[in-house]
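Quick note: residue numbers are just sequence positions, from 1. From a predicted model like this one, the values you see are computed outputs, not experimental measurements.
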Amino acid sequence: MFAILFLLKPFSIKAQTSSNTALPKKFSLNKGWKFHLGDVEFPVVRGHYMSYANAKAGTAWGAAAPDYDDHNWRTLTLPHDWASEQPFDSTANLSQGYRNRGFGWYRRQFKLDSTDRGKYLELQFEGIATYATIWVNGLLVHRNWCGYTSSYIDITPFAKYGDQVNTIAIRVDANAQEGWWYEGAGIYRNTWLIKRESVHIITDGVYANPVKTGATTWTIPGEITIENSGNDTRQVDLEMSLYTPDLKLLTTGHSSIDIKPLCKKASNITLNYSDPRLWSVSIPTLYYVKTIIKIDSQIVDSLITKCGFRTIKFDADSGFYLNNQRLKLQGVCNHQDHAGVGVAVPDSIVAFRLRKLKEMGVNAYRCAHNPPSVQFLNLCDEMGIMVMDENRNFNSSPEYVRQLQWMVRRDRNHPSVILWSVFNEEPMQGSEIGYQMVRRMSHTVKELDTTRPVTAAMNGGLFDPVNVSQAVDVVGFNYQSYAYDRFHKENPTTALTSSEDVSGFMTRGAFTTNKAKHILDSYDTQYAMWGTSQRKGWKLIAERPFIAGNFIWSGFDYHGEPSPFGWPSASSFFGLMDLCGFPKMAYYLHQAQWIKDKPVLHLIPHWNWPADSIGKKIKVMVLSNVESVKLYLNGQLLGEQKVDPYEMNTWMIPYQPGTLKAVGFAKNKQIATDLVATTGDAVSVRISTDRLFINGDGLDALPITVEALDTKGRHVPNASDHIKFTLTGPARIIGLGNGDPNSHEPEKGDQRSLFNGLAQVIIQSNEVNKDTQVTLHAIAKGLKPFVLKIPVKAGRPLLYAPVISSTLLIDKWLMSPMTDQKPDPDQVIAENDMNSWQPTSTGKLTTLTAQYVIFRSSLSKPLANVEKAHLLLKKAAGKAKVYIDGHLAYQKIDQEPADISIEIEQAQLVKQISVLFEGKAGDRIGIMGTVELK
């Protein structure tokens, strides 16, 4: 709860200087995207004119062109994962969850105010799965070669202002596959339009990570990278200030630099401070660094950077230390998807997942196997979860070094990040080639950050004469538990951690294995041939002080990689929790092993067994951190056992319906209980929320638990009822799930079946400016329905770049030679004539040197399924006649600028528009606004 509220509360550190400043603005571009599923073929380039134009800057064909007709495309709000919307297909790739991915196109238009001219303008795409080609105003401006890295695109040279419309077109290739897990498809993270002054701090341009220099003294060796996109050399004054968590100013430093046009330059400011409050997993204290740059005493840019004072150390003999206190890493590996939403996971669902892990006792998180979202790292900073930040592509060639540099630059201020991982399980790990590549990648990391060690997750090659372990600071073991002792003995000065282990299998809520039905029991008996049981895996780590800790595979189930089965299983069985975040037995097992400050006791299995099980022995387990446990059935003591902190406690109990109860003791005092009871049949539905309210900012999402109850109001653990949902009020259902890895029910819609008693529906708020509520109805055949009213708090929506309605822009024009003889407005231009007619554009005026001139534009593709259309030429200056396919459609007799509006019948037949301007030499003519066909 704390993490979400923290993200949403307003934050401000007032500048200590002039308030009349031009500060940067960040506009969300998430709204108003047009989307087409499938590829849009580019036309075949042929002929003189098309071949010539194809080679010129600003020429884009098909859906990449600004004048492409996208009015029939779907309109949506990002983030978006189109793969999660697809049906399951047994012929699709199992690793990607049997979901077809393919190609997709996105388009969005926006305007820039005339006052933005001269500013630095940047588009940011936080993540696009998988490869993307991006055009702005017909110019190909970027290609991304990793679905997990952000794209920062300087569009300053390409921007249009005032009435002119800017068009973004993106072709996404999701057939490209980087991982062997579900990766989703589309623009699945946030998108932004950034406006800064011409002299500005570059994106990720402040490095302010505290370093301990003495017993109580610390320094922040700040580095600020400035860019000047303007026309003149400028003298820039820089100021960096440190603030307490409650926003009190502590210290300030200054520097000055001169920066030439179109150059970047770094400047250093050192801040010193003593006795700070430390960042830790239990008290994650965050300080703030404010960076200001000024020109002529006026602030032109500023940035707030969070930081944490903490030390980390990996010791070859005694493991990991945080703030000089020995701490075992109790970690999990995770992919980034969630039930119902795929990889387009709202920040509040990320926070929900992290809270569930924290409740289990997790203190470390490995991002498998790619950089996470920046919002994820912010949450880890705030919640006290340490992070192994992992690079996706193992390669030391320039493009992949750039990806690694981006990750380190973006993430190096986060106190939660304790390790840089350069790869996962690479076949070349035991070779000289692998060694040389890691040596270079490690060097790249250390050029940007020397405060954290570099690791690599190795599943072999550890004892080859030349191998990757010789090029990293901390050796990561993936499933090589047999090698812990030998490797430590042969490499006594090398720090070690388990980077991935266990790979256990469980079906949430199942306690008998039926491999024919792809069901695996929850007694920690099932695991991959390369892995171990949950209990053995932790014992191997806990008993070896030289191992820093572990990262269990995996914290949550995830779409795709349906090990150990194939179809019809469509998601993994590895998780300590299922796809929805509902705990499995392993969740409570590790909670009992990892939590030390409060009693933990959990009893399995449920106690709803069929009548023919009466008298048969049922395996019962108690998962606890207490000293001893007593077990009772229907009030009768069955026995007492001392708790085994690794294996836990097991009984074989002849089944009798009723109540099974476990009681935990410490120092002969009862401190914990848990029970399971035989329930009746389900008679009603119940839904409950993870939080008490939802924020009406249009972003907040709320996971809602759905279950069935018996006549006594008890949860029915084996219920499978089909539930239908109706939501009223300012919110929408964005996803559904139930944690069943074999389910093929749609994850979008309004209904879902319970699986072993549980399902989840995720709602997301709309934007509201006053407190209100939403109402969720849950209905199932034969069960009493449930109605839940959820308060919606007035939200603070993001600042959005205004959405422009779908408009066909006609912005590619040719201008004829000027003549005193009236020309034929329908004259044919020879295809190989590239010179007599000149390219021109709207948004400007042209001076006549003769009496007549023609402006002409041709539609690249006829309008689809449009009978009538509205042609609008904004602010046409000069006397003009408008011809559509050679027919006079409008005559303007005034010289003064005015809009020309023409209604067109049979608009799908329109191919060519010609405007014949008439005047005298010296007159200024042209189309000062846009030309739009609606």
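With hydrogens and angles ignored, the 3.5 Å screen pairs no side-chain donor or acceptor of Trp553 with any backbone N or O of Asn478. Side chain of Asp524 to backbone of Arg535: a donor-acceptor contact under 3.5 angstrom is found. With Thr270 contributing its side chain and Pro221 its backbone, the two residues share no donor-acceptor pair below 3.5 Å. Side-chain atoms of Asn363 never come within 3.5 Å of backbone atoms of Val281 as a donor-acceptor pair (strictly under, hydrogens ignored).
Not counting sequence neighbours, the partners of Arg402 by the salt bridge (Lys or Arg N to Asp or Glu O under 4.0 Å) test are Glu399. In terms of the salt bridge (Lys or Arg N to Asp or Glu O under 4.0 Å) criterion, residue partners of Arg508 (sequence neighbours excluded) are, by chain and number, Asp578.
With a 4.5 Å cut-off on side-chain heavy atoms, Leu576 and Met506 do not count as touching. Taking the side chain as every heavy atom from C-beta outward, Lys328 and Trp538 approach each other to under 4.5 Å.
No more than 12 heavy atoms of other residues, nucleotides or ligands sit less than 6.0 Å from atom CD of Glu432. Within 6.0 Å of the NZ atom in Lys536, the count of heavy atoms belonging to other residues, nucleotides or ligands does not exceed 12. Taking a 6.0 Å sphere around NZ of Lys596, one finds it holds more than 12 heavy atoms contributed by other residues, nucleotides or ligands. Heavy-atom neighbours of Phe487 CZ from other residues, nucleotides or ligands within 6.0 Å: above the threshold of 12.
Sorted by first and then second residue, the pairs that involve residues 458-485 and meet salt bridge (charged side-chain N to carboxylate O under 4.0 Å, His left out), not counting sequence neighbours, are Lys446-Asp473, Asp485-Arg544.
Side-chain contact, Asn424 with Glu390: no donor N or O sits under 3.5 Å from an acceptor N or O. The closest side-chain donor-acceptor pair between Glu126 and Gln375 falls under 3.5 angstrom. Residues His590 and Gln330 have side chains that never bring a donor and an acceptor to within less than 3.5 angstrom of each other. Side chains of Tyr207 and Asp449: a donor-acceptor N/O pair is present below 3.5 angstrom, by distance only. For the 3.5 Å distance criterion, the side chains of Ser554 and Asn334 fail to qualify, holding no donor opposite an acceptor.
Note: Phe505 and Phe574 meet the aromatic proximity criterion, with ring centroids under 6.0 Å apart. If you look at Tyr287 and Phe309, their ring centroids are closer than 6.0 Å. Annotation: His335 is in aromatic contact with His369 [ring centroid separation under 6.0 Å].
Looking at Val622, Asn625, Leu623, Val629 one by one, the single match for side chain to side chain contact (heavy atoms under 4.5 Å, CB included) with Val643 turns out to be Val629.
Distance check, rounded to the nearest 0.5 Å: CG of Leu303 to CE of Met240 gives 9.0 Å.
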